[in-house]
A.B. asks: 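I'd like to ask you about the structure that follows.
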Number of protein chains: 2
Amino acid sequence: MPSRPTDAEVDRIFQALADATRRDIVRRVIGREQRVSDLAGRYEMSFAAVQKHVAVLERSGLVAKRRQGREQIVSPVVATIGRARGLLDELEALWRGRIDRMAAILQEDAAAAHAER
Amino acid sequence: MPSRPTDAEVDRIFQALADATRRDIVRRVIGREQRVSDLAGRYEMSFAAVQKHVAVLERSGLVAKRRQGREQIVSPVVATIGRARGLLDELEALWRGRIDRMAAILQEDAAAAHAER
DNA sequence: CATTTGTACAACCATTTGGTTGCATGTTAC
DNA sequence: GTAACATGCAACCAAATGGTTGTACAAATG
């Protein structure tokens, strides 16, 4: 999926990032791949709760799971972080565009004032 | 608030971005400041619904409102977008750190193999 | 084979979210 | 002053979230 993400995809990515536990899980699996139970051991909540968080992250594409025997290894999908960044970059580009347009208008005004003399 | 954002702040920012209508509102107000009713006119939903979206964006710090007579002017707060980007940058930096560590280990192995001969 | 371990999943619950309508209030225009 | 406009807010509703416990099952271990 190299093309522009759909609204629904972006919704899922930001939604997944909008929870401190899930952001922490992402950090951990970036540091090193983790089994679901490794992760579950780190938080105060139940195993099932952590498992659900991992499922949310997986649906968003921020992490991937691969089975290894009875274990499930969770690893990061850095490209998806990049997709989220791309969207923020786009917003910042829009902002710069606005600044540039404002600068251009100031230029014109200055030129007009100059011609008036 | 130049310091590291709290978890709760980051939660609110990503939560606010996790909705296509709200992302669109942010784009519009970046393009040009808008009154709440200007925005409301653009979407199929009720005025109150749009107003709520703006309120969510305001609480997250992505936009600011300033009153002008009876109108409320909504403008972007680009610094907050930067804060969200900062967090994604941090994740990508962690990833590069992992890559670097792996490269270092490969280096050591190569050196060891070399010494063995 | 029996047990433990790792994971998934269903059912349930409280809270939040995203929408609605209706009403209240302050501001501008006539 | 009255009417029209712009906004805010409360009450309500359905659906989604984030958590729980309990059950089921496959894989590793003794």
Side-chain angles (χ1 to χ4, degrees), chain A residues 6-29 32-76 84, chain B residues 6-29 32-76 84:
Chain A
T6 67
D7 278 348
E9 286 176 69
V10 179
D11 285 2
R12 279 192 295 270
I13 296 172
F14 282 125
Q15 179 68 38
L17 288 170
D19 179 283
T21 302
R22 285 194 295 259
R23 288 192 299 274
D24 199 65
I25 290 176
V26 171
R27 277 186 220 106
R28 279 188 203 281
V29 303
R32 177 217 260 256
E33 293 184 343
Q34 309 262 338
R35 297 174 312 157
V36 175
S37 24
D38 292 335
L39 293 169
R42 308 283 185 157
Y43 306 96
E44 296 273 288
M45 65 195 75
S46 70
F47 181 93
V50 174
Q51 193 201 319
K52 275 194 187 182
H53 282 306
V54 173
V56 169
L57 287 168
E58 193 186 13
R59 258 177 266 127
S60 77
L62 284 165
V63 308
K65 284 192 301 188
R66 88 176 170 274
R67 192 163 262 302
Q68 202 166 87
R70 69 180 159 181
E71 316 180 334
Q72 197 79 256
I73 311 294
V74 183
S75 55
Chain B
T6 67
D7 278 349
E9 287 177 69
V10 179
D11 285 2
R12 279 192 295 269
I13 296 172
F14 283 127
Q15 179 69 38
L17 288 171
D19 179 283
T21 302
R22 285 194 295 259
R23 288 192 299 276
D24 199 64
I25 291 176
V26 171
R27 277 187 220 104
R28 278 187 204 280
V29 303
R32 175 216 261 258
E33 294 184 342
Q34 309 260 339
R35 296 176 311 156
V36 175
S37 23
D38 292 335
L39 293 168
R42 309 283 186 158
Y43 306 96
E44 296 273 289
M45 66 195 76
S46 69
F47 181 94
V50 174
Q51 193 200 319
K52 275 194 187 180
H53 281 306
V54 173
V56 170
L57 287 169
E58 194 187 12
R59 257 177 267 126
S60 77
L62 284 165
V63 307
K65 284 191 301 190
R66 93 179 165 272
R67 178 151 239 119
Q68 202 166 88
R70 70 180 162 183
E71 318 180 332
Q72 197 81 253
I73 310 293
V74 184
S75 55

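What's counted below: heavy atoms across the whole structure, side chains too, no hydrogens, waters or symmetry copies. Reminder, nothing fancy here: chain letters follow the sequence lines and each chain counts from 1.
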A.B. asks: How many Å lie between CD on E71(B) and P on dG8(D), as a whole number?
C.D. replies: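 Value for this atom pair: 12 Å.
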A.B. asks: To the nearest Å, give me how far apart CE (M45(A)) and C1' (dG18(D)) are.
C.D. replies: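 Value for this atom pair: 9 Å.
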A.B. asks: Would you indicate whether the side-chain heavy atoms of Q15(A) and V56(A) approach each other to under 4.5 Å?
C.D. replies: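 The answer is no; the side chains never approach within 4.5 Å.
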A.B. asks: Under 3.5 Å, side chain of R59(B) to main-chain N/O of G61(B), donor-acceptor pair present?
C.D. replies: no
A.B. asks: Provide, to the nearest angstrom, the distance between the CG atom belonging to D38(A) and the P atom belonging to dT5(C).
C.D. replies: 14 Å
A.B. asks: Please report the interatomic distance CG(L39(B)) to OG1(T21(B)), rounded to the nearest 0.5 Å.
C.D. replies: 11.0 Å
A.B. asks: Could you tell me how far apart D24(B) (CG) and dG18(C) (C1') are, to the nearest whole angstrom?
C.D. replies: 16 Å
A.B. asks: Measure the distance from CG on D19(B) to C1' on dT17(C) and round it to the nearest whole Å.
C.D. replies: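 One finds 10 Å between C1' of dT17(C) and CG of D19(B), rounded.
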A.B. asks: Hey, could you give me the NZ/CZ distance between K52(B) and R22(B), rounded to the nearest 0.5 Å?
C.D. replies: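 Going from NZ on K52(B) over to CZ on R22(B), the span is 11.0 Å.
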A.B. asks: Where along residues 48-67 of chain B does a heavy atom come under 4.0 Å from DNA chain C, residue by residue in number order?
C.D. replies: A48(B), A49(B), K52(B), H53(B)
A.B. asks: Checking R23(A) side chain against D7(B) main chain: does a donor-acceptor pair fall under 3.5 Å?
C.D. replies: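 Such a contact is found between R23(A) side chain and D7(B) backbone.
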A.B. asks: Going by heavy atoms in the side chains, are R66(B) and E33(B) under 4.5 Å from each other?
C.D. replies: yes
A.B. asks: Report the distance from atom CZ of R12(A) to atom P of dT17(D), rounded to the nearest whole Å.
C.D. replies: 11 Å
A.B. asks: Rounded to whole angstrom units, what separation is found between the CD atom of Q72(A) and the P atom of dC25(D)?
C.D. replies: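 From Q72(A) CD to dC25(D) P: 18 Å.
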A.B. asks: State plainly whether the residues R28(A) and D24(A) are in salt-bridge range, i.e. N to O under 4.0 Å.
C.D. replies: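 Counted as a salt bridge, because a side-chain N and a carboxylate O are separated by less than 4.0 Å.
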A.B. asks: Can you tell me if the side-chain N/O atoms of S46(B) get under 4.0 Å from OP1 or OP2 in dG19(C)?
C.D. replies: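 S46(B) to dG19(C) OP1/OP2: no side-chain N or O under 4.0 Å.
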A.B. asks: By nearest heavy atom, map V36(B) and F47(A) onto DNA chain D; which one lands nearer the 5' end?
C.D. replies: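 The 5'-side residue here is V36(B).
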A.B. asks: May I ask you to verify if any side-chain N or O of R35(A) is less than 4.0 angstrom from the OP1 or OP2 atom of dG6(C)?
C.D. replies: yes
A.B. asks: Mind calculating the distance between CZ (R70(A)) and P (dA8(C)) to the nearest angstrom?
C.D. replies: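 For the pair R70(A) CZ and dA8(C) P, the rounded distance is 14 Å.
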A.B. asks: Has R22(A) got a side-chain N or O lying under 4.0 Å from the OP1 or OP2 atom of dG18(D)?
C.D. replies: yes
